[in-house]
Amino acid sequence: MTTAVSRVGDSRTAAAPARRLGRLQREGRAAYLFLSPALLFFCVFLILPFVFAIILAFSDWGGFDLGTLKWAGAANFRDVLSFNGTFVKPILVNTLLFAFGSVFLATFGSVLVAYCIDRLSFQGFWRVLYFLPVVATVVAIGNVWKMMYQPAGMINGVLNKLGVNSIGFLSDASYALPSVTVVQAWASIGGAVLILTAGLKAIPEMYYEAAEVDGANSWHMFWSITLPLLRPALLFVLITQFIGGLQSFALIIVMTGDGGPVNATNVAAFEMYQRAFKYGAWGTASAMAMVLFVIILAITLLQLWIARRRGEETS
Amino acid sequence: MRIAKGLRLAVALGLLATGAAACGGGSGSGGSGGKVELTLLSHYSDGPSKEGLDKMIQEWNKENPKIQVKSQVVKFDDLLTTMTVRQTGGRGADIVSAYGLWGGQLMKANVVAKVPDDIATKIKAEYSPAALGAVTTGGTLLGYPTELNTYVLFYNKKILAAAGISKPPSTWAELADAAKKTVKRDANGNIQVEGLSLIQDGDNKSVHPFLSLLDSAGGKFLAPDGTAQFDDAAGKAALKFEADLAAAKATNPSIMPTKQFRSGGVAMAIQAGWWIGSLKNQMKDKYSDVGVAAIPGPTPGSKGSLAYGFFMGVNQRSKHADEAWKFLTWMNEHKTPDGKVTETGKWLADQGLIPPRTADQEEYKKSLSDPNLAPIYEAATYAMAEPNQPGAYEAKTALHNAIMGVLADGKNPDDALAQAAKAVKPQ
C-alpha cells in the first residue's frame, strides 16, 4: 500500500513540473500575444526610426527619395564634431548652458516654491497658480516674454525708471541665451513644484516634531530633514528637466526666430531640425542627433550614478 | 486553443495591415474612369494670392473635366517641410510651387522633373533674365517662373524732409549721411526712429539687403560651382558700410521694418517690392509719405538689387506628368479676356509682384498705377539673381551669421566674411 501510494506520489511529483512548465509556456505565449500590439507599435515608431537614424548618420541623403541615399562613412561625424564648424561651439555649448541653466534655476525655484506652498493655506490655489505656465502653450509664453524683453517693453521700462539704459535682451548676443534660459526655467517650475510637493507630503511629520523638540530652527530642519528626504523626487525632477532642456527648442523658435543673434541661442535640437528640413542635409542632422543622444545618455547615467552612491532608490 | 489561434490571426492581420500602410501611398494622385486628378501644392494660402489661383484652377477644371486640378495650400514657412515629409512618404503633389533658393536641393533629391524641351525653349525666350536666373540651377530650368521680387530702397519722405533731405540718396555716402541725420533716440538710448534698416522679416533676413549692396558694388555671392565670392573687396566694402552705420547706431537689428516703418519708426529700409502691397493696406492715407528708389552704389550712377523668384514645376514621381505640364502651360500662357497680359501675369501683378514674363512686364510698365512701382520693375533689368545651387541655402545662413555678428556683436567685417566664406561648402 505504502509502495503503491509512493509510486502514485512519485508519478504525480514527476508530472507536476512538466505541467507547470507547459502552463508557464502557454502563459508566456499568451502574454507575448497580448503584448504584441504594444511591441509592434514600439518597433514601428521607435526601434525602426532609431535604426534608420543610425543608417542616415553614416549616409549622405537630401531627403525626399530613398534611392539617392549614399554611404558617407564617418564624414558626417567629422563634419559635426569639427572644432572649425559651428556645432561644437557655439551650438553644443549653448545647448548645455541652456539645459544646465534652466534646470538649475527651475530646480532651485521649484524647491523654494514647493517648500513655501507646503507651509501656506489654500495650497491647491498656489499649486494651480504655479502650474499655469505648464498648461499654457510655448507660443503664448514665448510671445509674452518677447514683448516684455523688447527695447520699449516692461522690463526695459523698469530699468529706464531706475536710470539704467535699455538692454537688447534678445538682440544682444551676450544677453540672448540667459534671457531665453530664464523663461525656460520659469515655464518649467510648475511641473517640478507638483512633484516636489508630493515628495514633501511624503515626509513624516514626526521628524519635524522631533527636531523641534531638539531645538532645530527652520533652516536646520530644511537642510537636515527636508532636503535629504526629498532627494528621490529631486532626482526625478533633475533627470526629466535635464532631458527636456537638452531637447527643447520650441521656445527658442518663438523668441529668437532663427537661433540668433549670431547663433547665440541656437541649440542642438534646433540645428538638427534646420539641417534636415531646411537644408536637406539629413545625414548631418542624424549625426547631430546621435551625438546629442550620447550626451543625454551620459549625463543621465552620471546623475543616476551620483544618486546611487548616495544610496537613493533609482530603479 | 481557439483563443490562441484567434490571437495569432489577429496579430498576423495587424502586421499585414501595418506593413500595407507603411508601404502604401504613391506619388500624387490617381485616376478613376479615365479622369485624372492632379494635386498642386503651394503657399498661396490666403487673400488675393489664393483667390487668383483658385479662380484659374476652377476655370481649368470647368474646361477640362478629364484633368481635374486640386489645390493644396500651406503657409510659406511650412512649405518646404510639408514638401519634404510628403515626398518622402510617397505622397508628393503632382505640381509643386517652390522658392527658387530650394531649387538646388530639390533637383539633387530628384524632386522636380526635367522641363520638356519644347516648354523650356519657350520659357527661356519669353521670361525676363532675372526671373530665369532665380529659377535655374546649374543651367537646368526648374519650371515656370512665377513670383519675381526685386529689392529697392523704401523711404519716408516726411522723415527725410524733416532732416533737410529733399531727394533720395544716390550714393553710399549720401545713404549713410541720410541714415545718420534721421536716426532719433530718447534719453535712455531707445531708438525712436531708425535711420536705415538693413534687415527684413523672413528667412536670413539680413542677407538680401547685403546682397543688394554687394551687387551695387559689383560683387557676387557665389560662383557657379558654389564657392564663396562675397569675401572679395566689394563684399568687404559693403559689410564695412553696414558696420559703420551700426557703429554710428543709425541701424539696429532689433528693429523690424515690417512692423515699425508704417508708424514712422524707420526712415529708410532696403526691402523687397512685395512690401508695397502691405504698406498700402497698413498705412492707408499715410502711404503718400512712402517713396521708393533704386538702392544706390558706392559711386554716382551705380545701383544694385537682388532678385529672387518662385517656380512651379512637376514632381518627378507624378504619374501624370504630361497632364501636369499641360495644365501649367495653360495656366502660364492663357491671356486675360482683353488679351493684353497673361492671366498669371495679372494674378501676380494684382498682388504687387512683378510678372516674370517680359511681355507682361512691358505691358504693366506702360501704365503703372503707382510711381513707386517703377523702380521695382526697373530693378528686374539689372538685379543679381539669387544663386540656388545645392548648398546655397546653407551658404546664405553662414553669411547671415557673419552679417549679424557685425551688426549685433560689433565683429570685424573682414574677419566675419572670411569665417563665413570658410563655412561655405560647395556640393
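Computed over heavy atoms, backbone and side chain alike; hydrogens, waters and symmetry mates excluded. Numbers restart at 1 for each chain; the letters A, B, ... are given by sequence-line order, proteins then strands.
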From the list B/V85, B/D78, B/T82, side-chain contact (heavy atoms from CB on, under 4.5 Å) partner of A/F277 resolves to B/V85

Within residues 52-60 of chain A, the residues sitting under 4.5 Å from chain B by heavy atom, in sequence order, are A/D60

Q.
Using 0.5 Å steps for rounding, measure from the NZ atom of A/K278 to the OG1 atom of B/T397.
A.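 Interatomic distance, A/K278 NZ to B/T397 OG1, rounded to 0.5 Å: 4.5 Å.
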
Reported CG-to-CZ distance for the pair A/N165 and B/R185, which is rounded to 0.5 angstrom:
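Between A/N165 CG and B/R185 CZ, I get 10.5 Å after rounding to 0.5 Å.
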
For residues 403-427 of chain B, the ring-ring contact (aromatic ring centres under 6.0 Å, His included) pairs (sequence neighbours left out) are none

Show me the side-chain donor-acceptor pairs of residues 90-99 of chain A shorter than 3.5 Å, one per line, residues at least two apart or across chains.
residue: A/N94; atom: ND2; partner: A/P90; partner atom: O; Å: 3.3
residue: A/N94; atom: ND2; partner: A/N263; partner atom: O; Å: 2.8
residue: A/N94; atom: ND2; partner: A/A264; partner atom: O; Å: 3.3
residue: A/N94; atom: ND2; partner: A/N266; partner atom: O; Å: 3.0
residue: A/T95; atom: OG1; partner: A/I91; partner atom: O; Å: 2.7
residue: A/T95; atom: OG1; partner: A/A268; partner atom: N; Å: 2.9

query = Where does A/T68 contact chain B at under 4.5 Å (heavy atoms): side chain, backbone, both or neither?
reply =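 The side chain, not the backbone.
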
When the 4.5 angstrom heavy-atom criterion is applied to A/R275 and chain B, the contacting part is side chain

Here the pair of heavy atoms bringing B/A408 nearest to A/S171 is CB-O, 3.7 Å

Residues B/K425 and A/D79: closest non-hydrogen pair is NZ-OD1, 3.1 Å

Would you say OH of A/Y175 has more than 12 non-hydrogen atoms from neighbouring residues, nucleotides or ligands within 6.0 angstrom?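 No, not enclosed.
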
For residues 410-417 of chain B, which side-chain donor-acceptor pairs fall under 3.5 Å, sequence neighbours excluded?
residue: B/K411; atom: NZ; partner: B/Q419; partner atom: OE1; Å: 3.2
residue: B/N412; atom: OD1; partner: B/D414; partner atom: N; Å: 2.9
residue: B/N412; atom: OD1; partner: B/D415; partner atom: N; Å: 3.1

